[in-house]
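Input: a single structure, listed below in structure tokens.
All figures in this text were calculated on a predicted structure; none of them were measured in a lab.
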Amino acid sequence: MVFAAVAEIVTGLALLTVPSMVGWLLLGQELAGAAASVARVAGVALIGLGVACWPGPPLVGMLIYGASVALLLAYLGIVERMTGILLWPAVVLHLMLSAFLARAAVNRTRG
């Protein structure tokens, strides 16, 4: 399980930081534009999956995923000026889910 977690986290970090290179290595083509942004979201998901697979509560992995996706999507909307009709509702939804997961994590440690 630890090996799987490390593999997912490393792949996720690669997708998050150098999506074009990962696309080239896997598919023989660089990822650009919206494809690179979607690959970054997939990278965040893999990091969350890796943390969820790590020994310990999977709640933490979902919290990392939700908060990271909210931040990444907000960055894409504000800085990269990528805005589809569902971008901001998705940001709000992920922030709300992250708040609920954070509350559950705090309650879990208390009792």
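- Ser68 contributes no side-chain N or O that, together with a main-chain N or O of Tyr65, makes up a donor-acceptor pair within less than 3.5 Å.
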Check step by step if side-chain contact (heavy atoms from CB on, under 4.5 Å) holds for Trp54 and Val6. CA-CA 8 Å; Trp54 198 263; Val6 170; 3.6 Å; yes
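- For the side-chain contact (heavy atoms from CB on, under 4.5 Å) with Val22, the lone residue among Leu15, Leu16, Leu27, Leu31 that qualifies is Leu15.
- Annotation for Leu63 and Ala102: closest pair CD1-N, 3.9 Å, computed over non-hydrogen atoms.
- Considering every non-hydrogen atom in both Ala67 and Ser98, the closest pair reads N-OG, 2.9 Å.
- In this structure, Thr17 and Arg40 approach most closely via the heavy-atom pair O-NH2, 4.5 Å.
- When hydrophobic clusters are built by joining Ile, Leu, Val, Met, Phe, Trp and Tyr residues whose side-chain heavy atoms come closer than 4.5 Å, directly or via intermediates, Val79 is grouped together with Trp88.
- One finds the CG atom of Leu87 at 7.0 Å from the CG atom of Leu76 (value rounded to the nearest 0.5 Å).
- Of all the heavy atoms in Thr83 and Gly77, the pair that sits closest is CG2-O, 4.1 Å.
- A chain of hydrophobic side-chain contacts below 4.5 Å, direct or via other Ile, Leu, Val, Met, Phe, Trp or Tyr residues, connects Leu72 to Ile78.
- Shortest non-hydrogen contact noted between Ala5 and Gly50 is CB-O, 3.2 Å.
- One hydrophobic cluster, built from ILVMFWY side chains closer than 4.5 Å, cannot hold both Ile47 and Leu71; they sit in different ones.
- Each of Val106 and Leu59 belongs to its own hydrophobic cluster when Ile, Leu, Val, Met, Phe, Trp and Tyr are linked at side-chain heavy-atom distances under 4.5 angstrom.
- Residues Glu8 and Cys53 form no side-chain contact, since every pair of their non-hydrogen atoms from C-beta on lies 4.5 Å or further apart.
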Using the rule given for side-chain contact (heavy atoms from CB on, under 4.5 Å), can you reason through Glu80 versus Ser37, listing the C-alpha separation, both sets of side-chain angles and the distance that settles it, and then say yes or no? CA-CA 10 Å; Glu80 300 290 329; Ser37 297; 5.9 Å; no
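- Here the options are Leu46, Leu49, Leu26, the test is side-chain contact (heavy atoms from CB on, under 4.5 Å), and the partner is Thr11; only Leu46 passes.
- Val41 and Leu97 are not part of a single hydrophobic cluster, where members link through side-chain heavy atoms under 4.5 Å apart.
- Pairing each heavy atom of Val91 with each of Ala74, the nearest pair is CG2-N, 3.7 Å.
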